[in-house]
2 protein chains.
Amino acid sequence: MKTNQIYDYTERLSEVLRVSTRRVGAKYGLQPVQIQVLRYLSLCNRFSDTPMGVTEYLGLTKGTVSQTLKVLEKKSYITKRADALDKRLAHLKLTRAGKGLLSDIMPPPSFKAACASLSDEQSAALGGGIEQLLLRFLQTNSMKTFGLCYTCRYNKKQDMGNYSCTLLNIDLSLDDTQLICREHVLIGKS
Amino acid sequence: MKTNQIYDYTERLSEVLRVSTRRVGAKYGLQPVQIQVLRYLSLCNRFSDTPMGVTEYLGLTKGTVSQTLKVLEKKSYITKRADALDKRLAHLKLTRAGKGLLSDIMPPPSFKAACASLSDEQSAALGGGIEQLLLRFLQTNSMKTFGLCYTCRYNKKQDMGNYSCTLLNIDLSLDDTQLICREHVLIGKS
DNA sequence: CATTATGGTATCGTCTCGATACCATAACCT
DNA sequence: AGGTTATGGTATCGAGACGATACCATAATG
């Protein structure tokens with residue numbers, strides 16, 4: 001019953017968000033997808049900052065992403081550095097310019113203003129509802145959750161401020177656990 | 001406080017929705033924007049089914065939209081017919097094939113499934129919250145609301161099942177009032 | 001009428017995106 | 001070990017999106 005209404009609003013909000021992102025990005029000569037890449041790199045951990053990580057997050061093909069990254073590197077918004085152990089991997093980092101750009105335009109001021117018009121109850125309900133919707137939607141589209149590390153089933157607390165990942169068998173700092181990870185599997189899921 | 005969380009989820013949901021639309025559309029040789037055009041034409045009233053209506057709804061330029069419409073017409077998903085009174089206007093209609101396509105893929109099955117996982121309370125809260133967010137966001141982006149005719153300040157009830165538009169000075173049927181309109185202004189707004 | 005506004009099309013350049021092919025490195029085999 | 005397969009990444013190509021600009025036809029306005 002409510003499905004169509006929710007879909008209408010979600011779809012419309014997506015369109016408007018995209019238009020808004022395009023207009024903001026145009027001022028800096030950036031496409032929407034390029035901004036999304038920068039944004040992802042600002043949120044992901046050191047195991048996920050590779051071209052394949054970006055590829056999975058955005059649901060594109062690796063060839064497409066490779067081209068986008070080349071442009072961003074040429075514009076000096078990111079740097080590419082080979083992994084020390086696995087020579088196939090490249091790690092992507094935001095430059096100072098990249099970080100500065102993001103903090104200028106993300107989230108879009110018009111979105112912040114729109115959020116500010118919500119009451120606390122509305123805001124909490126909206127956040128919860130959209131989270132649930134997103135998780136289910138990702139699931140039925142066979143896409144990864146890219147959740148925060150500390151909400152992952154592989155995350156184990158060791159002692160004071162020290163954690164580890166039981167999937168990668170690597171120690172984690174507290175900061176590590178505050179970022180999103182491409183290997184993330186929500187606690188309680190198979 | 002909650003702004004960033006809401007933004008994260010909204011942005012992510014938008015991305016996944018776009019990817020999902022792209023994948024479904026690829027099966028029919030359609031781009032996301034083409035599907036959005038078809039969807040708009042299935043929702044809008046007879047005063048809004050023109051290239052300019054599509055242009056305003058999608059927030060693009062009229063040249064871009066003109067090209068997209070040409071492709072859709074060549075693929076026989078829409079027809080173009082000149083207006084009887086104003087020879088500048090073209091009215092766009094979905095063909096049988098266009099309607100059939102839309103009913104096959106909209107809303108995406110995976111989205112329906114995700115919505116079905118929400119409780120009634122969650123669903124109602126989500127619908128209300130996202131509506132409010134969308135309206136404010138449209139406002140701060142100087143975009144039109146494209147709301148349902150019967151929620152418009154220009155809509156006046158005459159008698160049994162008969163309505164009129166005080167902006168266009170035209171009589172409306174009940175069916176007319178159930179569609180979205182490019183002239184829509186929400187009741188209570190200036 | 002002349003001027004301006006509006007709706008629409010055509011053309012061009014930049015860019016996205018998927019598809020395909022290809023290369024380098026790593027993991028997995030008996 | 002040596003061959004096979006899997007994985008991460010790049011290069012190239014064609015279809016199409018998109019904005020910008022220019023242009024045309026019709027309508028509205030003075």
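Atoms considered below: every heavy atom in the structure, side chains included; atoms not considered: hydrogens, waters and symmetry mates. Computed from a prediction, not measured in an experiment: that's the story for all the values here.
Within the structure, side-chain hydrogen bond (donor to acceptor under 3.5 Å, both in side chains) pairs that include any residue of residues 35-44 of chain B comprise Asp8(A)-Arg39(B) (at least two apart or interchain).
Looking at residues two or more places apart in sequence or on another chain, you find a salt bridge (Lys or Arg N to Asp or Glu O under 4.0 Å) between Arg46(B) and Asp176(B). With sequence neighbours left out, the side-chain contact (heavy atoms from CB on, under 4.5 Å) criterion links Val65(A) to Val54(A), Thr55(A), Leu60(A), Leu69(A). Contacts of Lys70(A) classified as salt bridge (Lys or Arg N to Asp or Glu O under 4.0 Å), with partners at least two apart in sequence or in another chain: none. Listed by chain and number, the residues in a side chain to side chain donor-acceptor pair (under 3.5 Å) with Asp83(A) are His91(A) (sequence neighbours excluded). A search for salt bridge (Lys or Arg N to Asp or Glu O under 4.0 Å) contacts involving Arg182(A) returns Glu56(A), not counting sequence neighbours. With sequence neighbours excluded, the residues that form a side-chain contact (heavy atoms from CB on, under 4.5 Å) with Ala97(A) are Tyr77(A), Thr95(A). In this structure Lys157(A) satisfies the salt bridge (Lys or Arg N to Asp or Glu O under 4.0 Å) test with no other residue, sequence neighbours excluded. Not counting sequence neighbours, Asp104(B) has no partner by the side chain to side chain donor-acceptor pair (under 3.5 Å) test.
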I'd like a list of close polar pairs between nucleotides 14-17 of chain C and the protein, N/O only, cut-off under 3.5 Å.
{"unit_1": "dT16(C)", "atom_1": "OP1", "unit_2": "Gln34(A)", "atom_2": "NE2", "d": "2.8"}

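OP1 or OP2 of dT9(C) lies within a sub-4.0 Å distance of a side-chain N or O belonging to Lys80(B).
Distance, Asp49(A) CG to dG8(D) P: 14 Å, rounded to whole Å. As rounded to whole Å, 10 Å separates atom C1' of dG8(C) from atom CG of Leu69(B). Atom-to-atom, NZ of Lys70(B) to P of dA15(D) comes out at 15 Å; the value is rounded to the nearest Å. Taking atom NE2 on His91(B) and atom C1' on dG7(C), their separation rounds to 12 Å, with Å as the unit. Between the P atom of dG8(D) and the CG atom of Leu92(A) lies a distance of 14 Å, rounded to the nearest Å. Rounded to whole Å, atom C1' of dG8(C) lies 13 Å from atom CG of Asp83(B). Taking atom CD on Glu15(A) and atom P on dA17(D), their separation rounds to 15 Å, with Å as the unit.
Using a 4.0 Å heavy-atom criterion, one finds that Thr55(A) contacts no nucleic acid atom at all. The residue Ala90(A) sits close only to the backbone: its heavy atoms come under 4.0 Å of sugar-phosphate atoms, none of a base.
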Indicate for each nucleotide in nucleotides 22-30 of chain D, in 5' to 3' sequence, whether protein heavy atoms under 4.0 Å reach the base (B), only the sugar-phosphate (S), or nothing (-).
----BS---
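Nucleotides of DNA chain D nearest to Pro51(A) and Lys74(B) differ in position, and the one nearer the 5' end is that of Pro51(A).
Computed from C1' positions of five pairs at each end, the angle between the two local axes of the helix from dC1(C)-dG30(D) to dT30(C)-dA1(D) equals 20°, rounded to 10 degrees.
By the 6.0 Å contact criterion, NZ on Lys75(A) is enclosed, its count of non-hydrogen atoms from other residues, nucleotides or ligands being greater than 12.
A donor-acceptor pair is defined here as one N or O able to donate and one able to accept, closer than 3.5 Å; such a pair exists between the side chain of Thr166(A) and the backbone of Tyr154(A).
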